[in-house]
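Read through the structure below, which is laid out as structure tokens, and then see the notes.
What you see below is based on every heavy atom in this structure, not just the backbone, and it leaves out hydrogens, waters and symmetry mates.
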Amino acid sequence: MPRKIVIEDLFTFRLIDDPQLSPDGRRLAFVVTTLDREANAYRSHIWVATDGEIRPFTSGPHRDTNPRWSPDGRFLAFVSDRSGERQIWMIPTDGGEARQLTTQGPVVSEPVWSPDGRKIAYIAKVGEPIKEDEVRVITRLKYKADGEGLWDGRWKHLFVIPAAGGEAMQLTQGEYDHQHPSWSPDGLWIAVVANRTPEADRTNVTDVWVVNTSTGHLRCLTRGQGPASAPSWSPDGAWIAYLGHDNAYMSATNTGVWAVSLEDSEPVHLTAGFDRSCGHSLLGDMRAHPAPGRPTWTLDGAWIVVTVTHGGTSQLCAVPGPRNIGKEVRLLTSGQWDIYGFSFDGARRRVVLAISDPVTPGELWEAEVLGGMEEIHLRELRQLTHLNAHLGEEIVVVAPQRFAFEGADGWPIEGWILKPPDFQQGRKYPAILQIHGGPHAAYGYTFFHEFQVLAAEGYVVFYMNPRGSQGYGQAFAAATHHDWGGKDYEDLMRGVDYVLENFDFVDPERLGVAGGSYGGFLTNWIVGHTSRFRAAVTMRSISNHFSQRGTSDLAYFKGYWEFPGDPWENPQFYLERSPLTYVQNITTPLLILHSEQDLRCPIGEAEQLFVALKKLGREVVFVRFPQESHDLSRSGQPKRRLIRLEWILKWFNTYLKGAPPETRATGVQEVVPAPALKTDSNCS
């Protein structure tokens, strides 16, 4: 008999990422990550599938990632921290010991084989790092990055090393960062992405450059209009496709597929008539910011395959190449799922997809690719792995029910609702509104452990994509322009009204709200503007736009488009749209969860909110997570991820269920004393 899911089931998941088909299509390499309870760490290993047999290919107490096949299929190059820092290693595919290939570094990209298999290109940091205890003299604007910390004084440069071993050659120089190396078919050039200007820290612009592998000569192919990423050469070497946009709406701009010719360096926007954003935008808590793969050309150059966010789904789509313009973008898949990775064989006749859905953290599927210049489609989608089959067999997971309603201005808004696994008709349940971050991300058909745990605890969980979310077109994504806390807030409240009117099992007297990042901003905003919620949890949030702008690694970009200028240009807007301005209105019991090393929404945002509420005598608890970044819920230390979920459950159990107080039993010392909350029997 399947049991309900619990917090500790996080340790049972196998997180599958980065599928890589061998050139002949007969073998598949991929990465499996697990959470090691005893070591309180993550372990990532490379697995290989051959003729139906699926087995681990590497092992040990380290993280092996980014497997890449040699052109002849005889070797796998991969990135590993087994030497103490990330370096490139090589292992024969028919068995044998792995050997370390690179020594300088650390390596910060995947290994990229040259077409003849004799060399490997990669990106690594150059120079001696600034020591942790050294006095830092800050002169650059972008001096910190969430998840990385303070800038260590090293720049990211392009290297090439012989695959057989030997001395690496550095091909780029200067005080610039480079990323995403890609070899030309003839092996004479490597494309990279960089902003090689003095203004790099003041903008999100990056360009596609090509580097001559013999001379190191660089040539810029694009025009510095917006961010470019993931360059991919056409089979004939005449074009480079890449993902990017022209910054028309800054970070709210749809990411498109572009192509630039080496002959005239004039970028062509191949998805200009396709009102969706290419790449990956769906949020879950199994992985942080997955990179679904580079644009992949068919061998005739007719189509370029990428992922696209389409409503609450992520799909595979085919974009007409620059010599096939006139054809429409084609969706190759249509399931209620999240495609977060893909890989083709060398002939482009087989594709493997990494797919998650609301009841599966991720598995691999394969399909045959058919078609040519006129059309392209997939046939016989078949599941390859079943590494998370215990979900559904041993553990109950709940599929969401979709709903739709009219938001502000009559705009259609999509949402989902999860019922408890032991749902009984005629009974009233407490319910929790979850709000996503971004704002230009999205919820959808992907796995969310936190939501499943809340449902198993007896809560109805509902979530939606208010304006600002990706997946619904450019106008929808850009609609938060100068309006944070405006019609986005109205969309959410109309969604709450819809749920209460149409799902009679939701108890209107026992509503909770929770959100992280921009969702944390909206949570703070909501409890300062309405008292309809009995409890709230705000995570990695924003409370004061003045302070966040100057202390965040990226918030200073808001003044370019998202907000009407910088604080000194429009202080009234920053004041009016800061939740801290309305703190006297907050009467909802509030749990504040924040990471001490969060550089996206620094912990001062939580501190200001807590001090104000505490001084006002309101019900508030502030839980600080040491050494964690903005991505605590997705990639933080395993035990701290569990503690975070315990606090969320206990807070809502106390204020939405009226649970009797008990002593916290985790044995973990907290920065603040734990409130008298119900202890979940499944929590350690």
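- Between F625 and H594, the ring centre distance reaches or exceeds 6.0 Å.
- Legend: salt bridge (charged side-chain N to carboxylate O under 4.0 Å, His left out) pairs involving residues 627-642, not counting sequence neighbours, sorted by first then second residue: E628-R640, D631-R634.
- Here side-chain hydrogen bond (donor to acceptor under 3.5 Å, both in side chains) pairs that include residues 78-88, with residues two or more places apart or in two chains, are H62-R82, D64-S80, D64-R82, S80-R82, E85-Q87, Q87-T102.
- Applying the ring pair (Phe, Tyr, Trp, His ring centres under 6.0 Å) criterion to Y42, with sequence neighbours excluded, gives no partner residue.
- Scanning for ring pair (Phe, Tyr, Trp, His ring centres under 6.0 Å) contacts around F448 gives Y443, F451, with sequence neighbours left out.
- Checked against side chain to side chain contact (heavy atoms under 4.5 Å, CB included), T271 has the following partners two or more places apart in sequence or in another chain: V257, H269, F274, C278, V319, V329.
- Aromatic ring pairs are classed by plane angle as parallel below 30°, tilted from 30° to 60° and perpendicular above 60°; the pair Y122 and F159 is parallel.
- In this structure, R68 fails the cation-pi test against F78, since its NZ or CZ atom is not both closer than 6.0 Å to the six-membered ring centre and inside 45 degrees of the ring normal.
- Not counting sequence neighbours, R348 has no partner by the salt bridge (charged side-chain N to carboxylate O under 4.0 Å, His left out) test.
- The aromatic rings of F342 and F344 lie perpendicular to each other, with more than 60° between the two planes, well past the 30° mark.
- Every residue meeting the side chain to side chain contact (heavy atoms under 4.5 Å, CB included) condition with D345, not counting sequence neighbours, appears here in chain and number order: L21, A347, R349, R350.
- Scored by the side chain to side chain contact (heavy atoms under 4.5 Å, CB included) test, Q173 finds Q170 as partners (sequence neighbours excluded).
- Evaluation of the salt bridge (charged side-chain N to carboxylate O under 4.0 Å, His left out) test over residues 155-177, restricted to residues two or more places apart or in two chains, returns E148-K156.
- For H289, the ring pair (Phe, Tyr, Trp, His ring centres under 6.0 Å) test picks out no residue, with sequence neighbours left out.
- Contacts of S517 classified as side chain to side chain contact (heavy atoms under 4.5 Å, CB included), with partners at least two apart in sequence or in another chain: R540, C601, H630.
- In this view, Y556 satisfies the ring pair (Phe, Tyr, Trp, His ring centres under 6.0 Å) rule with no residue, not counting sequence neighbours.
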